[in-house]
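Before any comments, here is the structure.
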Amino acid sequence: MAEKITPRDRDYNQWYQDVVRAAKLAETSPVRGSMVLPPNGYELWENMQRGLDGMFKATGHRNAYFPLFIPKGFLAREAEHVEGFAKECAVVTHYRLKEEDGDLVVDPEAELEEPLVVRPTSETIIWDTYARWIQSWRDLPLKLNQWANVVRWEMRTRLFLRTAEFLWQEGHTAHATEEEAVEETRTMLDVYARFAEEWMAMPVIRGVKTASERFPGAVDTYCIEALMQDGKALQAGTSHFLGQNFARAFECTFQNENNEPEYVWATSWGVSTRLIGALIMTHGDDQGVILPPKLAPVQVAIVPITRSGGDNEEVLDAAEEMRESLARAGYRVVLDDRDQYRPGWKFAQYEVEGVPVRLAVGPRDVKNGTAEMARRDTGEKASVSAREIVPAVREALHDVQQALYDRAYAFRRDHTRVAESYDAFKAQIEEGGFVLMHWDGTAETEARVKDETKATIRCVPFPDQFPGIDTEAAGTDPVSGRPSERLVVYARAY
RNA sequence: CGGGGUGUGGCGCAGCCCGGUUAGCGUGCCUGCUUUGGGAGCAGGAGGUCGCGGGUUCGAAUCCCGCCACCCCGACCA
């Protein structure tokens, strides 16, 4: 029988948990806040990695790896950084266990002289290293990225959206000038936005964080923000201009062309497995998840309509032939010839798992030289010629990718409004979505709105993020009555 | 980390208040037969330290204490 999925309009949160489980994307583990990623979830991450990694390489970055453990002292070097992360660090204090009365206990004699922190992010250990690597302006820019896991001891966790341990990438770059570092920060934000839109089919808003939402230790934090189906915003990626803060903390200087010492300028940027949560909540429906073709671990599932004990040879041969031509054309395709499940069960299962295109091949199809092709996003079915299977699938995958983006874009457009008064704002926030409102630029007003409505400023948007809305026009902050230079994006957020 | 809830074969649950035979049910799993173009039907069968540890009791899934994990609300955060 079907694993039941709670309808979205009944309990969105429960729906999320149900589909994550039913689509086998992730499970909880015996360790608080740590998840197990079964193949369905991990392969999705691998495909994201592939897409992003290609874009990093294309923008001049190389991959490297830095240690999981960070000496506690490193973290303390940058004042804001330590303040931001100190409260959520896992700390290693011992290096040995021993048996005592049949129990395994931490050996008190094996205490580390300096405790090690499991990286919550790698700025400190990387800047300690960069300080040794960088001597001259000729060593710059240094543009590295690492794929890694990090640990932040979160009090409240949710699969993908906030886990104690998560997978991510973190880019760390060093530059000779401020301009170049800022440009790098913006370039990488743009890479993230393009990845979100072109690969994930998820429209995003580009902008800059307010001081209170900034990364600890950054001068500026740029972000992409997406809108989930329940009207809550999700920060999907961040790119930080770090100024010379870490260079100063780790004494990272270079000699410029005039033989003078200068601190280097830094950036860092990252996206994580949280993107999988974003994907689920952008495209999923009451039947399960819907994966964009460019990222789906399985793009096409072929279900042969067979009878157990019957003569299925022709059907299976036809299905295998299709599988081969699609695989040869470069598609990720599976032929599901398992005989312990009936076709209807397989149809339902691939829908739960979000496979974008399904083909069914039965005796009638063999006779007619056809296959039944179904799109996951619309449920639409069509009979296609077996001879034309590759172009038909190519077109269907392309259409699904585009349709997912269009649908998500329309949703966001329809859930973005401008608040002319604070009362209107409160009502709009209650209904969900992005709400644009004037802001006087003060932390006091920002805090008051958060306190009274639970909405935060998701970002100060770049120009032209909202077609038809001029966010750059000056006005009045309806909350404080003070003048405002522009509209900012408010929302309740994950 | 504060408040609330939950934890019982793989999964979903009942039983707990009011302690007392071999701990039930659905689904999944195994075997057989019948079915087979949208999550099959019938029959037989396997599978449980009742989250973990301690306590009360003649006797604990059930009562008490502690701990762990998960979910919800709050504070904090990618």
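Chain letters run A, B, ... following the sequence lines, proteins first and then strands; every chain starts at 1.
A gap of 15 Å separates the C1' atoms of B:G53 and B:A60, to the nearest Å. Atom C1' of B:U62 sits at a distance of 31 Å from the matching atom of B:C1, rounded to the whole Å. B:U22 and B:G10: their C1' atoms are spaced 24 Å apart (whole Å). Taking the C1' atoms as reference points, B:A75 lies 35 Å from B:C63, given to the whole Å.
Among the heavy atoms of the strands, none lies under 4.0 Å from A:T238. If you check every strand for non-hydrogen atoms under 4.0 Å, A:T121 touches nothing. Among the atoms of the strands shown, base atoms are found under 4.0 Å from some heavy atom of A:E351. Nucleic acid contact class of A:F166 (heavy atoms, under 4.0 Å, all strands): base. Looking at heavy-atom distances under 4.0 Å, A:E154 makes contact with a base. Heavy atoms of A:S383 sit nowhere under 4.0 angstrom from any nucleic acid atom. Counting any heavy atom pair closer than 4.0 Å across all strands shown, A:R32 reaches sugar-phosphate atoms only and no base atom. Within 4.0 Å of A:Q14, counting heavy atoms only, lies no atom of the nucleic acid at all. As judged by a 4.0 angstrom heavy-atom cut-off over every strand, A:L161 is placed among the base-contacting residues. Looking at heavy-atom distances under 4.0 Å, A:G277 makes no contact with the nucleic acid at all.
Computed from coordinates, the A:E88 CD to B:A78 C1' distance equals 9 Å when rounded to whole Å. Taking atom CH2 of residue A:W345 and atom C1' of nucleotide B:U36, one finds them 16 Å apart after rounding to whole Å. The nearest whole Å value for the distance from the OH atom in A:Y341 to the P atom in B:C30 is 8 Å. Straight-line distance from the CZ atom of A:R342 to the P atom of B:G38: 9 Å, rounded to whole Å. Atom pair A:Q340:CD and B:G28:P shows a separation of 13 Å (rounding to whole Å applied). Regarding A:K24, its NZ atom lies at a distance of 12 Å from the C1' atom of B:G28, rounded to whole Å. As rounded to whole Å, 9 Å separates atom P of B:G74 from atom CZ of A:R492. The distance between atom CD of A:Q349 and atom P of B:A40, rounded to the nearest whole Å, is 12 Å.
Checked by distance alone, A:E372 brings no side-chain donor or acceptor within 3.5 Å of a matching partner on the base of B:G38. At a cut-off of 3.5 angstrom, the base of B:G37 holds no donor-acceptor pair with the side chain of A:R307.
Toward the 5' end of RNA chain B, the nearer of the two residues A:G344 and A:R214, judged by each one's closest nucleotide, is A:G344. Comparing A:D365 and A:V31 along RNA chain B, the residue whose closest nucleotide (by nearest heavy atom) sits nearer the 5' end is A:D365.
Contact check, A:K454 against B:G74: a side-chain N or O comes under 4.0 Å of OP1 or OP2. Applying the 4.0 Å criterion to OP1 and OP2 of B:C76, one finds that A:K450 has a side-chain N or O inside that range.
With A:F74 as the aromatic partner, A:K72 does not meet the cation-pi criteria of under 6.0 angstrom to the ring centre and within 45 degrees of the ring axis. Taking the ring centre of A:Y331 as origin, the terminal cationic atom of A:R323 falls outside the region bounded by 6.0 Å and 45° from the ring axis. Annotation: cation-pi pair A:R358/A:F347 present, NZ/CZ under 6.0 Å from the ring centroid and within 45° of its normal. Figure legend: cation-pi geometry between A:K232 and A:Y494, with NZ or CZ positioned under 6.0 Å from the six-membered ring centre and within 45° of its axis.
B:C1 and B:G74 make up a base pair, with Watson-Crick or G-U wobble contacts both under 3.5 Å. In this entry B:C33 has B:G41 as its Watson-Crick or G-U wobble partner, both defining distances falling under 3.5 Å. Here B:G10 sits opposite B:U27 as a Watson-Crick or G-U wobble pair (both hydrogen-bonding atom distances under 3.5 Å). Pairing of B:C52, defined by two Watson-Crick or G-U wobble distances under 3.5 Å, is identified with B:G66.
Note: A:F250 and A:F246 have parallel aromatic rings, judged against thresholds of 30 and 60 degrees for the angle between ring planes. Relative orientation of the A:Y192 and A:F56 rings is perpendicular, given thresholds of 30° and 60° on the angle between their planes. Below 30°, between 30° and 60°, or above 60°: for A:W168 and A:F166 the angle between ring planes is above 60°, a perpendicular geometry.
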